[in-house]
Amino acid sequence: MKQKLESLLQQAVAGIKTQGILESDFIAQIQLERTKDPQHGDFATNLAMLLAKPAKQNPRQLAEKIVAALPADPAVVKVEIAGPGFINFFINPDSQFQIVRQVLEQGSAFGLSRIGAGQRVQVEFVSANPTGPLHVGHGRGAAYGSAVADLLEAAGFSVEREYYVNDAGRQMDILATSVWLRYLEACGEVLPFPSNGYRGEYVRDISANLHRSAGDKYRKPSAQVLADLPADEAQGGDKEKHIDALIERAKTLLGPEAYEQVFQAGLDEILQDIKDDLAEFGVGYQRWFSERSLMDDQSIDRALRRLDEAGFLYRQEGATWFASSRLGDEKDRVVVRDNGQTTYFASDIAYHMNKLDRGFDKIINIWGADHHGYIPRVKAAMQALGADDSKLKVLLVQFAVLYRGDEKVQMSTRSGEFVTLRQLRNEVGKDACRFFYVMRKSEQHMDFDLKLATSKTNENPVYYVQYAHARVCSVLRQLDEKGRQRDPLLGMQHLHLLTEEQESALLTTLSRYPETLERAALNYEPHQLIQYLRELANQFHSYYNAHQFLVDDDKLCNARINLVCAVRQVLANAMSLLKINTPEAM
RNA sequence: GCGCUUGUAGCUCAGCCGGAUAGAGCAUCGGCCUUCUAAGCCGAGGGUCGCAGGUUCGAGUCCUGCCAAGCGUGCCA
């Protein structure tokens with residue numbers, strides 16, 4: 001309908017051009033929007049006001065000429081000029097009714113769009129370090145990222161979801177060392193635990209499993225482990241120096257092969273936990289991309305060579321620098337440290353080169369907002385590699401601040417004091433989790449109140465939407481219990497009986513679903529879909545309270561049942577997209 | 001200091017490419033269950049859209065400055 005009106009307006013513009021009112025080479029951008037007030041009809045355009053200046057006429061006069069040039073169409077019953085020069089369209093109610101038929105015929109496909117035209121989009125999200133279980137902060141990225149990916153898919157893009165596994169680097173060495181130290185404890189060794197180690201209970205679990213499967217294979221006497229170590233923080237020393245020395249000690253005492261086995265034991269178990277956790281949360285990936293693989297296949301070397309060949313690398317103070325400041329970054333960045341090790345950033349350059357090589361039309365990275373300072377340097381790297389950095393879109397997600405009632409829950413991975421995503425899911429349930437996480441715009445700070453999300457009362461918005469769905473199901477059950485039969489065909493023939501205020505509102509809202517989905521996808525804003533769901537559910541509940549559906553008149557009854565079935569279908573389509581359950585009874 | 005993000009009702013937040021009288025939930029107050037599920041509905045009160053300028057037919061929305069909050073500003077990841 002919207003498209004039809006837009007084309008009518010284009011024809012009208014062409015018409016006034018031939019009248020010489022407007023320069024013939026002027027390109028008019030048609031802006032057509034849904035009206036907020038039914039008095040203004042169904043659609044409105046500000047075209048006359050936009051063209052007033054180039055046409056050198058006052059908007060209302062021009063509007064009259066545009067309306068005069070507008071071709072007649074059976075779907076449009078009335079066109080009005082209002083306010084400063086708005087042109088309001090009133091749509092023939094008969095054509096409004098057809099949305100019910102359309103929804104029921106298309107079923108779960110209703111609302112899907114082809115606007116993406118099969119373009120290949122990669123969405124990388126969560127990508128939390130595999131040094132511990134996912135916590136509630138990662139949960140928001142998971143819910144948001146998968147919703148964005150699913151939305152894009154629904155809009156006709158070809159989507160690849162990817163998790164970048166940071167399985168290299170110092171943090172992983174700290175984890176491996178923490179696992180080993182807890183393992184030694186399990187063997188019966190007595191030794192202090194470093195203040196900078198991973199203290200979480202999950203590390204003990206991993207170590208216990210390792211001890212069960214490997215016995216004392218990795219055991220070394222504690223005296224040997226602790227000999228000549230720099231003091232830890234608790235003893236007035238430097239915790240960073242202490243932990244680095246412990247890592248070195250682990251590597252030398254165990255030897256490369258055994259160290260690698262301990263390392264791998266920690267990595268495997270944590271990664272598996274993350275995979276299970278996300279799967280249970282309804283989040284799936286096409287690919288898990290290992291950072292170590294970039295080292296193993298020399299991707300990092302190749303990436304650095306390409307930067308060097310392009311003249312963007314230089315040496316200074318023993319390190320190798322990338323001249324990112326020449327490409328919009330604040331300052332240059334180190335890619336190879338003076339100790340010869342490449343930085344995390346070097347891996348990331350190689351990773352993005354890999355993404356570019358895979359030929360995606362669009363690369364979407366979903367990062368925690370604390371990484372925003374990182375965007376310019378990655379874009380600089382892409383440019384230096386000769387790529388179009390506008391292919392990369394970084395979407396930032398603010399961390400959710402967790403409250404238990406009024407009390408703010410403090411979190412830190414290292415200390416082990418954090419609420420995990422799994423705990424949250426167990427406490428709140430998957431549906432409420434996903435709903436709450438994507439309810440807000442991603443770059444908004446979010447207060448996640450556990451008490452509110454766990455409450456099974458009316459304070460909880462997810463139930464509101466689910467309840468609307470369950471209510472339609474309940475109506476159909478009632479119909480059956482009354483011994484009556486649904487007659488969809490009869491209902492279709494009498495959709496014109498749906499003239500109540502609430503019915504018109506629902507028809508309009510249903511017809512808005514496809515454009516809402518499209519807009520949510522193109523703007524990467526799943527919260528728009530949530531807003532829509534709440535509005536649709538609200539209108540349905542109002543309708544439910546104002547009118548009886550199962551009336552004696554078979555024609556009206558079936559028309560209404562068709563309408564509420566269409567409502568149920570659209571509710572279900574949007575909720576399934578967001579991986580929220582659609583209960584048939586509550 | 002500089003950079004990014006945010007600032008809308010008591011609280012949590014929507015507000016589409018700049019559009020007509022700025023919306024919703026919670027909270028408060030008042031109504032609605034003999035009728036398809038009251039996890040619901042109807043109504044009321046509640047606003048200097050952080051502040052000040054600017055752009056224009058029109059600004060919560062765009063621009064500039066200021067104020068406030070969060071984050072960033074590592075040869076950490």
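Only a predicted model underlies this, so the values are computations on that prediction, with no experimental measurement involved. Letters A, B, ... mirror the listed sequences (proteins, then strands); counts begin at 1.
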(message) I'd like to check, for A:His40, whether its ring lies over the base of B:A20 with centroids under 5.5 Å apart and a plane angle smaller than 30°.
(response) yes
Nucleotide of [options] approaching [X] most closely (side-chain heavy atoms):
| X | options | answer |
| --- | --- | --- |
| A:Lys441 | B:A38, B:C36, B:A14 | B:A14 |
| A:Gln171 | B:C76, B:C41, B:U5 | B:C76 |
| A:Ala319 | B:A14, B:C75, B:C76 | B:C75 |
| A:Glu525 | B:G15, B:C76, B:A20 | B:G15 |
| A:Ser474 | B:A14, B:G25, B:C36 | B:C36 |
| A:Glu330 | B:G3, B:C75, B:C41 | B:G3 |

(message) Go nucleotide by nucleotide along RNA chain B from the 5' end; which of A:Gln398 and A:His527 gets its closest nucleotide reached first?
(response) A:Gln398
Excluding sequence neighbours, so at least two apart, what forms ring pair (Phe, Tyr, Trp, His ring centres under 6.0 Å) with [X]?
| X | value |
| --- | --- |
| A:Phe549 | A:Tyr543, A:Tyr544 |
| A:Phe89 | none |
| A:Tyr524 | none |
| A:Tyr532 | A:Tyr513 |

Between atom [atom1] in [X] and atom [atom2] in [N], what is the gap in whole Å?
| X | N | atom1 | atom2 | answer |
| --- | --- | --- | --- | --- |
| A:Gln478 | B:C36 | CD | P | 7 Å |
| A:Asp329 | B:G72 | CG | C1' | 12 Å |
| A:His372 | B:G70 | NE2 | P | 13 Å |
| A:Asp370 | B:U6 | CG | C1' | 15 Å |
| A:Lys379 | B:C4 | NZ | P | 14 Å |

(message) Counting C-beta onward and ignoring hydrogens, is there a side-chain heavy-atom pair between A:Leu506 and A:Leu536 closer than 4.5 Å?
(response) yes
(message) Taking salt bridge (Lys or Arg N to Asp or Glu O under 4.0 Å) as the definition, give me every residue that meets it alongside A:Asp329, ordered by chain and number, with sequence neighbours left out.
(response) A:Arg333
Report the residues that fulfil side-chain hydrogen bond (donor to acceptor under 3.5 Å, both in side chains) with [X], sequence neighbours left out, ordered by chain and then residue number.
| X | value |
| --- | --- |
| A:Arg60 | none |
| A:Arg486 | A:Asn562 |
| A:Glu248 | none |
| A:Thr343 | none |

(message) By the definition side-chain contact (heavy atoms from CB on, under 4.5 Å), identify the one residue from A:Val551, A:Leu490, A:Asp553 that meets it with A:Asn558.
(response) A:Leu490
Residue-phosphate contact under 4.0 Å: [X] side-chain N/O, [N] OP1/OP2:
| X | N | answer |
| --- | --- | --- |
| A:Ser542 | B:C42 | yes |
| A:Arg60 | B:C57 | no |
| A:Arg337 | B:C76 | yes |

Using the 3.5 Å cut-off, write out each protein N or O paired with an N or O of nucleotides 16-19 of chain B and the distance between them.
from, atom 1, to, atom 2, distance (Å)
B:C16, O2, A:Arg519, NH1, 2.3
B:G19, O2', A:Glu33, OE2, 3.4
B:G19, N7, A:Asn46, ND2, 2.8

(request) Go along nucleotides 28-35 of chain B 5' to 3' and tag each nucleotide: B for a protein heavy atom under 4.0 Å from its base, S when only backbone or sugar atoms are that close, - otherwise. (result) -------B
(request) Return the stems involving RNA chain B, sorted by first number, where pairs are Watson-Crick (N1-N3 with N6-O4 or O6-N4) or G-U wobble (N1-O2 and O6-N3), both under 3.5 Å, and runs are 3 or more long. (result) B:1-7 with B:67-73, B:10-13 with B:23-26, B:28-32 with B:40-44, B:50-54 with B:62-66
(message) So for atom CG, which belongs to A:Asp552, do other residues, nucleotides or ligands contribute more than 12 heavy atoms lying within a distance under 6.0 Å?
(response) no
